[in-house]
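Take a look at the structure below.
Hydrogens, waters and symmetry mates play no part in the numbers below; they use all other heavy atoms, side chains included. The chain is numbered in sequence order, starting from 1.
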Amino acid sequence: MTSGEEPTSEDRYQEFAPPADLRPFVRVIWTYAAPAPSPTIQRIAPDGCPELIFDLGAPYAEQDADGVFRLQPPALFAGQMTRPLVMHPTGPTELVAIRFEPDGARGFLNRPLSDATDQRLDMVERLAGFTPPPGDPAGQTAVFISWLEDQRRRTGDWTIDPLVRAEVQAAASEQPAPLRTPSEQRSLQRRFSDRVGVSPRLLRSIFRFRRVFDHAAHPTEAAAGWLEAGLEAGYFDQPQMARDFRRFLGCTATDWAREQHELARAIASQTYKPQDAAPA
């Protein structure tokens with residue numbers, strides 16, 4: 001919180017565009033705070049982008065494969081997701097996060113992105129000494145950008161694979177994939193495993209699912225509204241969209257709209273387009 005500002009009890013979500021030198025790798029920096037979150041289950045769907053998240057508040061508890069909720073580390077790298085992330089807050093929440101481009105985190109992570117798929121990797125040691133100012137979204141963003149730029153200077157080998165980036169951009173813009181020979185397709189699969197963490201086909205499915213929320217500007221419980229949004233996003237019919245809701249969120253569209261609040265709804269309402277974010 002900057003000097004002179006009054007504390008607020010309202011939730012806030014804000015996005016900031018990265019500086020030009022990080023733009024090939026970073027899509028957006030986002031901040032979120034909920035001073036009094038409800039202890040309800042939050043379902044976060046895949047969005048096609050890995051993230052580096054720093055928690056200034058009480059940690060979230062995440063549901064593991066055994067059904068048990070365990071506290072997340074205060075600093076973590078969230079790889080590509082192929083299934084929903086189910087969690088709930090444990091107290092006042094404040095987050096600052098870097099959302100990488102789908103293929104933008106390879107240099108930062110310095111290992112294949114497939115190692116992080118459906119994983120939350122502990123980054124506490126790597127972010128030791130990182131102290132973003134509480135209550136100040138712009139200040140938090142500036143500090144995180146400075147830290148990430150320093151990380152890049154230390155390694156100096158962050159690169160983008162042109163073939164992978166072209167396929168990512170084609171998927172994001174709903175352009176059909178070019179015809180490839182079997183050997184070319186296998187090569188692309190290997191490069192996606194390394195640079196993205198999921199296959200080109202799965203990334204396209206995730207992007208299509210994400211577009212449902214882009215078209216549903218004000219998601220409601222009305223089935224007709226979800227169906228219209230699904231058709232605009234590229235689904236053939238309601239059953240096809242319903243399968244992806246089960247796959248990526250573990251519930252129906254109407255259940256999600258009725259039950260989700262706070263962080264889950266804030267994230268779903270964003271378009272993930274850096275031009276819509278405020279300049280850092």
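Between Pro133 and Val143, the closest side-chain pair of non-hydrogen atoms falls below 4.5 Å. Contact of the Asp161 side chain with the Arg165 side chain is not registered, since no non-hydrogen atoms from C-beta on lie closer than 4.5 Å. At a threshold of 4.5 Å between non-hydrogen side-chain atoms, the residues Leu113 and Val196 do not count as touching. Within the 4.5 Å cutoff, no side-chain heavy atoms of Asp55 are placed close to those of Gln72. Using a 4.5 Å heavy-atom cutoff, the side chains of Arg106 and Asp194 are in contact. The shortest distance between side-chain heavy atoms of Glu167 and Pro178 falls below 4.5 Å. A 4.5 Å side-chain heavy-atom check between Arg120 and Leu85 finds at least one atom pair inside the cut-off. Residues Leu121 and Leu76 are not in side-chain contact: their nearest non-hydrogen atoms beyond the backbone lie 4.5 Å or more apart.
Applying the ring-ring contact (aromatic ring centres under 6.0 Å, His included) test to every pair with at least one member in residues 165-202, sequence neighbours left out, gives no pairs at all. Applying the ring-ring contact (aromatic ring centres under 6.0 Å, His included) test to every pair with at least one member in residues 158-182, sequence neighbours left out, gives these pairs: Phe25-Trp158.
The cationic atom of Arg27 (NZ for Lys, CZ for Arg) does not lie both less than 6.0 Å from the six-membered ring centre of Phe100 and within 45° of the ring axis. Under the 6.0 Å distance and 45° angle rule, Arg43 does not count as a cation-pi partner of Phe248.
With rounding to the nearest 0.5 Å, the separation of OG1 in Thr155 from CZ in Phe108 is 9.5 Å. Here the OG1-CG distance, from Thr82 to Asp118, works out to 3.5 Å after rounding to the nearest 0.5 Å. Here the straight-line distance linking atom CG of Leu202 with atom CE of Met81 works out to 11.5 Å at 0.5 Å rounding. Atom CG in Leu52 sits 7.5 Å away from atom CG in Leu148 (nearest 0.5 Å). Between the CD1 atom in Ile145 and the CD1 atom in Ile98 there is a gap of 7.5 Å [rounded to 0.5 Å]. With values rounded to the nearest 0.5 angstrom, Glu101 atom CD is found 8.0 Å from Ile160 atom CD1.
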**Request:** Output, in order, the C-alpha distance, side-chain angles, deciding distance and verdict of side-chain contact (heavy atoms from CB on, under 4.5 Å) for Met87 and Gln63.
**Result:** CA-CA 6 Å; Met87 61 186 188; Gln63 188 177 42; over 6 Å; no
**Request:** Check the pair Arg153, Asp150 against salt bridge (Lys or Arg N to Asp or Glu O under 4.0 Å), reporting the backbone distance first and the verdict last.
**Result:** CA-CA 5 Å; Arg153 283 192 295 269; Asp150 181 65; 3.8 Å; yes
**Request:** Applying salt bridge (Lys or Arg N to Asp or Glu O under 4.0 Å), run through Glu15 and Arg99 and close with a yes or a no.
**Result:** CA-CA 10 Å; Glu15 293 187 347; Arg99 181 175 297 132; 3.4 Å; yes
**Request:** Go through Arg70 and Glu62 one step at a time and tell me if the salt bridge (Lys or Arg N to Asp or Glu O under 4.0 Å) criterion holds.
**Result:** CA-CA 5 Å; Arg70 295 181 174 88; Glu62 177 183 343; over 6 Å; no
**Request:** Take Arg211 and Glu174 through the test salt bridge (Lys or Arg N to Asp or Glu O under 4.0 Å) and record every step on the way to the result.
**Result:** CA-CA 10 Å; Arg211 285 194 292 271; Glu174 303 179 67; 3.5 Å; yes
**Request:** Using the side-chain contact (heavy atoms from CB on, under 4.5 Å) rule, take Tyr60 and Leu71 through it: C-alpha gap first, then chi angles, then the decisive distance, then the call.
**Result:** CA-CA 6 Å; Tyr60 277 86; Leu71 294 181; over 6 Å; no
**Message:** Let's go through Leu127 and Trp147 carefully: what are the C-alpha distance in whole Å and the side-chain angles of both, what is the deciding distance for side-chain contact (heavy atoms from CB on, under 4.5 Å) to 0.1 Å, and is it a yes or a no?
**Reply:** CA-CA 9 Å; Leu127 278 103; Trp147 181 88; 3.8 Å; yes
**Prompt:** Should Val168 and Leu203 be marked as a side-chain contact (heavy atoms from CB on, under 4.5 Å) after you check the CA-CA gap, both sets of side-chain angles, and the distance that decides it?
**Reply:** CA-CA 8 Å; Val168 168; Leu203 186 67; 3.9 Å; yes
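For Arg126 against Leu109, the heavy-atom pair with the smallest separation is NH1-CA, 4.4 Å. Residues Pro24 and Ala20 approach most closely at CD-O, 3.6 Å, considering heavy atoms. Smallest separation of non-hydrogen atoms from Ala233 and Arg208: O-CG, 3.4 Å. In terms of heavy atoms, Asp244 sits closest to Ser205 at OD2-O, 4.3 Å. The shortest heavy-atom contact between Gln240 and Asp237 is N-OD1, 3.0 Å. Nearest heavy atom pair, residue Pro37 against residue Pro92, reads CD-CA, 3.9 Å.
The main-chain N or O of Asp103 is never found under 3.5 Å from a side-chain atom of Arg195 such that the two would form a donor-acceptor pair. A donor-acceptor pair under 3.5 Å is absent between the side-chain atoms of Gln119 and the main chain of Ala116, judged by distance alone. Judged by distance alone, the side chain of Thr31 and the main-chain N or O of Val96 form no donor-acceptor pair under 3.5 Å. Of the possible donor and acceptor atoms, none in the side chain of Thr93 sits under 3.5 Å from a partner among the backbone N and O of Pro89. A distance-only check finds no donor-acceptor pair linking the side chain of Ser193 to the backbone of Gln189 [under 3.5 Å].
With sequence neighbours excluded, no residue forms a ring-ring contact (aromatic ring centres under 6.0 Å, His included) with Phe207. Residues passing the side-chain contact (heavy atoms from CB on, under 4.5 Å) test with Arg186 are Pro182, Ser183, Arg190, sequence neighbours excluded. Listed by chain and residue number, nothing satisfies the salt bridge (Lys or Arg N to Asp or Glu O under 4.0 Å) test with Arg246 (two or more places apart in sequence, or in another chain). In terms of the ring-ring contact (aromatic ring centres under 6.0 Å, His included) criterion, residue partners of Phe245 (sequence neighbours excluded) are, by chain and number, Phe209, Phe213, Trp226.
Counting only N and O atoms by type, the side chains of Gln140 and Glu94 include a donor and acceptor under 3.5 Å apart. Side-chain contact of Gln42 with Thr40: a donor-acceptor pair under 3.5 Å is present, judged by distance alone.
The aromatic rings of Tyr32 and Tyr13 sit tilted, their planes meeting at an angle between 30° and 60°.
Taking the six-membered ring for Trp and the full ring otherwise, Phe69 and His88 have centroids separated by under 6.0 Å.
The number of heavy-atom neighbours closer than 6.0 Å to CZ of Arg201, taken from other residues, nucleotides and ligands shown, is 12 or below.
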